Amino acid sequence: MSDNKKPRSTHWADITADKIIRERGAKEHFTCASGITPSGTVHIGNFREIISVELVVRALREKGEKVRFIYSWDDYDVFRKVPKNMPQQELLETYLRKPIVVVPDVLGDQESYAAANEKDLEKLLPIVGVDPEYIYQAKRYRNSEYAEGIKTALIHKDDIRRQLDESRTTPLAAAWMPVSVFCTACDRDTTTVTGWDGDYGVSYSCECGHEETVDLRTTHAVKLPWRIDWPMRWKQEDVDFEPAGKDHHSEGGSFDTARKTSKEVYNHEPPVTFQYDFIRVKGRGGKISSSSGEVISLTDVLEIYQPEIVRYLFAGTRPNAEFAISFDLDVLKIYEDYDKCERTFFNKPETEKALKKWEKQARIYELSQVGAVPETMPYQIQIRHLCNLLQNYSGDIDGVVEYLGDVKPEQEGRLRQRALCAWNWIKDFAPEDFKFALRSEADGKVELDDKNTEAVRRLAIIVKEDMESMDEKEFGTKVYDMMKELELESAEFFIAVYQVLVSKEKGPRLISFLYTIGKDKVLSLLNLY
RNA sequence: GGGCCGUUAGCUCAGCUGGUAGAGCAGCAGACUCUUAAUCUGCGGGUCAAAGGUUCGAUUCCUUUACGGCUCACCA
């Protein structure tokens with residue numbers, strides 16, 4: 001705990017980092033942990049935990065601390081329910097009660113269902129700047145690496161029973177043992193522990209008829225139940241920080257009992273923690289709950305949001321606040337907010353008061369970056385404008401980049417990424433009103449009355465003569481003068497022109513739209529009349 | 001029943017290591033012969049849920065109450 005030269009940040013990640021240092025004291029390194037059971041697609045709500053830890057890890061490292069960031073795949077948990085959206089339900093049912101690490105991957109060719117879910121996320125995380133050390137619990141348990149931890153639980157089984165009973169409605173049975181066993185004959189946890197020799201020997205019998213005594217130091221069969229497993233691992237890895245969802249965080253919840261077990265049984269001070277809230281999803285056509293099988297994953301979010309913006313979403317919201325990830329028109333708003341934050345970052349104010357506000361925004365911007373903060377401001381293009389350009393070019397990103405012209409090489413990557421996201425959004429989520437496709441000469445003419453035909457012809461002349469030499473405003477005036485001359489209602493005129501250009505009655509603001517389409521293309525369409 | 005969180009302008013929310021409140025949207029006024037929530041300019045006296053307490057001073061800390069949400073008490 002040294003005096004900072006930098007002003008103290010009020011960002012939650014920094015505050016948490018400070019707290020960790022304060023409460024855990026000087027250490028050679030701090031261990032921050034996150035984890036999940038890969039019993040289904042890892043969804044965006046789960047991602048909140050990972051990114052929250054990552055942000056704290058980063059804050060700690062920026063304070064000069066060494067940090068070990070571990071991510072635990074709890075793939076030795078039981079397969080307790082077949083997800084509704086999975087194929088081969090009958091096959092999967094035969095694996096119930098077995099550890100998920102032995103359940104086959106019916107969707108792909110990974111070695112197991114658990115591995116498939118794990119790999120899906122692991123290949124995605126680096127994209128958003130998350131790079132933890134993965135720990136596979138099945139591997140640990142099967143290698144008997146937790147023999148001592150399990151033995152400790154057995155020695156203290158009465159203490160643990162008392163701790164758990166404090167928050168249970170029905171007390172644990174007298175014969176209860178703080179371990180569960182996967183039968184070595186059938187792989188299922190349909191077992192009853194029948195004895196413990198006070199040392200490493202555990203006996204059990206299984207519903208399948210199998211009975212045996214195993215040695216904790218050599219068996220792969222014995223596992224700790226969640227509420228004990230968690231504190232045991234805190235001890236094992238010397239965990240200093242681990243947040244948890246609100247379901248764990250109430251009195252009587254698993255964090256609560258784990259805290260007691262950690263202190264009293266494993267003699268380890270429970271980690272610093274905080275509670276994070278759930279994520280809602282907005283604008284994806286209603287059915288997005290996990291019960292219906294459809295789940296929003298990080299992949300889905302990355303198709304619409306640039307990696308920095310995904311981070312921004314989480315870095316800019318306090319973990320204990322619920323928020324929605326939107327796929328509707330809000331997407332545009334989020335992009336605009338991010339761009340504003342970015343402009344703020346590259347425009348540091350002078351006055352002290354303004355500086356205070358700036359610092360918060362700047363910190364959010366820093367934490368939103370996947371890697372280092374860019375030295376020059378990224379190419380800013382209004383998301384709406386980009387959407388229009390992309391539609392002009394039918395999604396041809398190369399064409400858009402070329403059209404823009406003034407993109408520096410170091411800016412091109414992000415721009416292309418943004419274009420890709422914008423195009424995905426247009427295709428999948430943009431409201432119909434927002435979408436358009438430019439007509440081409442091959443589409444032929446649309447029906448127009450004489451007056452509008454005349455107007456379109458006049459427009460063609462103005463475009464041909466003046467579009468390049470005038471700016472948008474001047475050119476606009478010219479167009480309006482023409483309308484006036486023909487005594488044409490502007491609304492009527494616009495409908496006609498949009499019909500000619502995009503076969504719709506509405507479109508992007510006309511004058512700038514004409515400029516983004518470009519003189520030649522505009523003329524090719526107008527000259528049909 | 002226990003716990004956690006919230007209650008700030010019409011709406012969505014910032015602000016909370018204490019010094020009498022801010023943004024976006026909406027609204028109102030004006031500008032623009034223009035539309036994909038159009039853009040620009042101007043306009044914010046709201047008992048910061050209520051009552052107590054600590055303090056020179058509280059939206060920000062403590063206690064109590066009300067309302068709302070979530071969660072635990074089976075497993076992970």
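As the structure is a prediction and not an experimental result, all values here were calculated from the model.
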Consider salt bridge (Lys or Arg N to Asp or Glu O under 4.0 Å). Of A:D77, A:D74, A:D189, A:D75, which one does A:K223 pass it with?
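Exactly one pass, corresponding to A:D77.
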
A:R384 side chain N/O closer than 4.0 Å to the phosphate oxygens (OP1, OP2) of B:A38?
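The answer is no; no side-chain N or O of A:R384 sits under 4.0 Å from OP1 or OP2.
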
Can you measure [X] atom [atom1] to [N] atom [atom2] for me and round it to whole angstrom units?
X      : N     : atom1 : atom2 : result
A:F434 : B:A37 : CZ    : P     : 6 Å
A:I383 : B:A37 : CD1   : P     : 13 Å
A:K246 : B:C72 : NZ    : C1'   : 12 Å
A:K333 : B:A26 : NZ    : C1'   : 13 Å
A:Q361 : B:G24 : CD    : P     : 12 Å
A:R280 : B:G69 : CZ    : P     : 14 Å
A:D277 : B:C4  : CG    : P     : 15 Å
A:Q382 : B:A38 : CD    : P     : 14 Å

Is it true that A:D18 and A:K63 have a side-chain N and a carboxylate O under 4.0 angstrom from each other?
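Yes, this pair counts.
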
What's [X] touching, base or sugar-phosphate or nothing? Going by heavy atoms closer than 4.0 Å.
X      : value
A:N388 : base
A:K360 : sugar-phosphate
A:L329 : base

Pi-cation contact, A:F475 with A:K478 (under 6.0 Å, within 45°)
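No cation-pi geometry.
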
What's the closest nucleotide to the side chain of [X] if the choices are [options]?
X      : options             : answer
A:S250 : B:A37, B:G2, B:U35  : B:G2
A:R509 : B:U39, B:A14, B:G24 : B:U39
A:F278 : B:U35, B:C72, B:C70 : B:C70
A:E251 : B:G3, B:C70, B:C5   : B:G3

Do the side chain of A:R318 and the base of B:A14 come within less than 3.5 angstrom through a donor-acceptor pair of N or O atoms?
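In this structure, the two groups form no donor-acceptor pair.
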
Return one dot-bracket line describing RNA chain B 5' to 3' (Watson-Crick or G-U wobble pairs, both distances under 3.5 Å; ( ) same strand, [ ] crossing, | another strand, . none).
((((((((.[[[[.)......]]]].(((((.......))))).....(((((.......))))))))))))....

With a 4.5 Å limit on heavy-atom distance, are the side chains of A:W230 and A:S262 in contact?
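A:W230 does not reach A:S262 side chain to side chain.
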
pair A:T41-A:D120: side-chain heavy atoms closer than 4.5 Å:
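Heavy-atom side-chain distance check fails, nothing below 4.5 Å.
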
Over 60° means perpendicular and under 30° means parallel, so tell me whether A:Y134 and A:Y71 are parallel, tilted or perpendicular.
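Plane angle over 60°, so perpendicular.
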
Nearest-Å distance once atom [atom1] is located in both [N] and [M]:
N     : M     : atom1 : answer
B:U63 : B:G68 : P     : 22 Å
B:G24 : B:A31 : P     : 23 Å
B:U41 : B:A50 : C1'   : 41 Å
B:A51 : B:G44 : C1'   : 29 Å
B:A23 : B:U64 : P     : 36 Å
B:G15 : B:G22 : C1'   : 7 Å
B:U17 : B:C61 : P     : 8 Å
B:U59 : B:U7  : C1'   : 12 Å

Would you confirm whether A:Y498, through its side chain, and A:L510, through its main-chain N or O, come within 3.5 Å as a donor-acceptor pair?
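It does hold such a pair.
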
Considering all heavy atoms of both residues, which atom of A:L313 and which atom of A:F323 are nearest to each other, and what is their separation?
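Of all heavy-atom pairs spanning A:L313 and A:F323, the closest is O-CZ, 3.8 Å.
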
Going through the distances and angles, do A:R188 and A:E207 end up as a side-chain contact (heavy atoms from CB on, under 4.5 Å)?
CA-CA 9 Å; A:R188 295 195 176 81; A:E207 285 176 12; over 6 Å; no

Which residue lies more 5' along RNA chain B, comparing A:K340 with A:E336 via nearest heavy atoms:
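Nearest nucleotide further toward 5': that of A:K340.
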
Please write out each protein N/O paired with an N/O of nucleotides 73-76 of chain B under 3.5 Å, distance rounded to 0.1 Å.
from  : atom 1 : to     : atom 2 : distance (Å)
B:A73 : OP1    : A:R227 : NH2    : 2.9
B:A73 : O2'    : A:S167 : O      : 3.2
B:A73 : O2'    : A:T169 : N      : 3.0
B:C74 : OP1    : A:T169 : OG1    : 3.1
B:C74 : OP2    : A:T169 : N      : 3.1
B:C74 : OP2    : A:T169 : OG1    : 2.7
B:C75 : OP1    : A:R168 : NH1    : 3.1
B:C75 : OP2    : A:R168 : NH1    : 3.4
B:C75 : O2'    : A:R80  : NE     : 3.4
B:C75 : O2'    : A:R80  : NH2    : 2.5
B:A76 : O3'    : A:D77  : OD1    : 3.2
B:A76 : O3'    : A:D77  : OD2    : 2.8
B:A76 : O2'    : A:T37  : OG1    : 3.3
B:A76 : O2'    : A:D77  : OD2    : 3.3

Step through it carefully: locate the ring centre of A:W425, locate the ring centre of A:F327, and say whether they are under 6.0 Å apart.
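No - the distance between ring centres of A:W425 and A:F327 does not fall below the 6.0 Å cut-off.
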
Ring centroid separation A:F241 to A:F274 under 6.0 Å:
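Ring centres of A:F274 and A:F241 closer than 6.0 Å.
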
